[in-house]
Amino acid sequence: MESSRREIEVMANLLSSNDMQADVNRTYFRKNHCLAINVIGSPGSGKTTLLEKTLPLLMLNLRVGVIEGDIFTSKDADRIAAYNIPVIQINTGGGCHLDSKMVNKVLPVFDEKGVDLLIIENVGNLVCPADFDLGEAFKVIVLSIVEGDDKPAKYPVIFRNAKAVVLNKMDLEALTDVNMENMRRDILAINPDIKIFEVSCRKGNGLEEWISWLKQEVANA
Ligand SMILES: Nc1nc2c(ncn2[C@@H]2O[C@H](COP(=O)(O)OP(=O)(O)O)[C@@H](O)[C@H]2O)c(=O)[nH]1
Ligand SMILES: [Mg+2]
């Protein structure tokens, strides 16, 4: 009993110190007229691929920067560097999420060029990143439909906290038993205001709607 109470206290302290730093980051983003978004999803859901498909169109009229979060390796940052935009990899060295201090440390990288939109790809995980505010304007979930239509109900916290969800790999719908009606119903039951995009990064379907929504969010910021 005693040890579980201590664990709860430690977690509460950790989250409150994270929230304080997140507020500092938020002030920084506001001051620099930068919309920061926190992209969250399981490993392999297609987060980096979504960025790869989104960046070329965003870059036509926006200055975009990317932070890649991963446990090890710079594989995702290497993929994004091909687009010739400011990108930095944060390795958590085992941690299952980014925190606001890690993000704060790398912000000077974007100072010189200035960015209108900072996309933060979090560590692949649908649970831990949900609790850690990075100072972003909002969270976006990338969920591959092959992960199953039961996932929103099983991981409600992240769906409650996100502004949009990109349901990716729609090209595989016919090969799976996923029920898109149940998926949408469960997502909206958790968060009636969430914006849902059905896309295939592989085939390109649905990307236009997602990109124009994101551009509008930058314009409204
Ligand atoms: N069939 C299909 N595969 C996809 C799609 N989007 C991404 N992938 C593949 O899914 C795998 C994981 O993608 P990645 O972007 O690295 O996922 P991340 O771990 O969430 O960043 C890669 O092999 C991608 O080519 C899609 O829309 N359809
Ligand atoms: Mg990735």
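Remember, predicted model here, so these are calculated numbers, not experimental data. Counting starts at 1 for both ligands and their atoms, following the listed order.
Less than 4.0 angstrom separates some heavy atom of Asp171 from each of these atoms of ligand 1: 1 (N), 2 (C), 26 (C), 27 (O), 28 (N). Listed by atom number, the atoms of ligand 1 under 4.0 Å from Arg79 heavy atoms are 15 (O), 16 (O). Atoms of ligand 1 lying under 4.0 Å from any heavy atom of Lys47, numbered from 1 in the order shown and given with element: 15 (O), 17 (O), 18 (P), 19 (O), 20 (O), 21 (O). Heavy-atom contacts of Glu121 reach the following atoms of ligand 1: 21 (O) (cutoff under 4.0 Å). Taking every heavy atom of Gly44 and a limit of under 4.0 angstrom, the matching atoms of ligand 1 come to 10 (O), 12 (C), 17 (O), 18 (P), 19 (O), 20 (O). Using a 4.0 Å cut-off to heavy atoms of Thr48, the atoms of ligand 1 that qualify are 15 (O), 21 (O).
Annotation: Asp76 places no N or O atom under 3.5 Å from an N or O atom of ligand 1; distance criterion only. Residue Met170 has no N or O atom closer than 3.5 Å to an N or O atom of ligand 1. Residue contacts with ligand 1: Cys201 is placed with a nitrogen or oxygen under 3.5 Å of a nitrogen or oxygen of the ligand (distance criterion only).
The proximity of Leu172 to ligand 1, defined as any non-hydrogen pair under 4.0 Å, is limited to the side chain.
With respect to Arg26 and Asp133, a salt bridge is recorded, a charged nitrogen being found less than 4.0 Å from a carboxylate O. Residues Glu147 and Lys169 are not paired through a salt bridge, judged by the lack of any N-O separation under 4.0 Å between the basic side chain and the carboxylate. Glu198 and Arg184 are joined by a salt bridge, as a carboxylate oxygen and a charged side-chain nitrogen come within less than 4.0 angstrom of each other. Salt-bridge formation is detected for the pair Asp116/Arg63: a Lys NZ or Arg NE/NH1/NH2 atom is positioned less than 4.0 Å from an Asp or Glu carboxylate oxygen. Glu136 has a carboxylate O that lies under 4.0 Å from a charged side-chain N of Lys139, or vice versa, which qualifies the two as a salt bridge.
The OD2 atom of Asp76 and the OE2 atom of Glu121 meet at the Mg ion (ligand 2) at an angle of about 90°, given to 10°.
The protein non-hydrogen atom at the shortest distance from atom 6 (N) of ligand 1 is Asn168 ND2, 3.1 Å. The shortest contact between atom 3 (N) of ligand 1 and any protein heavy atom is with Arg202 NH2, 3.3 Å. For atom 10 (O) of ligand 1, the nearest non-hydrogen atom of the protein is Lys169 NZ, 3.1 Å. For atom 7 (C) of ligand 1, the nearest protein heavy atom (residue, atom name, distance) is Thr49 OG1, 3.5 Å.
Counting only distance, with no hydrogens or angles, the side chain of Asp70 and the backbone of Thr92 share no donor-acceptor pair below 3.5 Å. Between the side chain of Asp76 and the backbone N or O of Gly69 there is no donor-acceptor pair closer than 3.5 Å. With Asp149 contributing its side chain and Asn179 its backbone, the two residues share a donor-acceptor pair below 3.5 Å. Although no hydrogens or angles enter the test, the distance criterion places a donor-acceptor pair under 3.5 Å between the side chain of Asn168 and the main chain of Ser45.
Within a 4.0 Å radius of atom 23 (O) of ligand 1, the protein contributes no heavy atom. Atom 26 (C) of ligand 1 is approached by the protein to below 4.0 angstrom, counting heavy atoms only.
Under a hydrophobic-cluster definition in which Ile, Leu, Val, Met, Phe, Trp and Tyr are linked whenever side-chain heavy atoms come within less than 4.5 Å, directly or via other members, Ile119 and Val123 are assigned to different clusters.
Heavy atoms of Gly41 stay at 4.0 angstrom or farther from ligand 1. Within the structure, ligand 1 lacks Glu52 among the residues with a heavy atom less than 4.0 angstrom away. Remark: distances from the non-hydrogen atoms of Ser144 to ligand 1 are all 4.0 Å or more. At least one heavy atom of Ser200 sits closer than 4.0 Å to an atom of ligand 1.
At a cut-off of 3.5 Å, with distance as the only test, no side-chain donor of Tyr28 or Asp23 sits close to an acceptor on the other residue. Side chain to side chain, Asn18 and Asp99 fail the donor-acceptor criterion of an N or O pair below 3.5 Å.
No option in Asn220, Leu118, Val218 other than Val218 meets the side-chain contact (heavy atoms from CB on, under 4.5 Å) test with Leu35.
Under 2.8 Å from the Mg ion (ligand 2) lies an N/O/S atom of Thr48, whether from backbone or side chain.
Relative orientation of the Phe132 and His97 rings is parallel, given thresholds of 30° and 60° on the angle between their planes.
With atom 17 (O) of ligand 1 as the reference point, the heavy atom nearest to it among Ser42, Gly124, Gly46 is part of Gly46.
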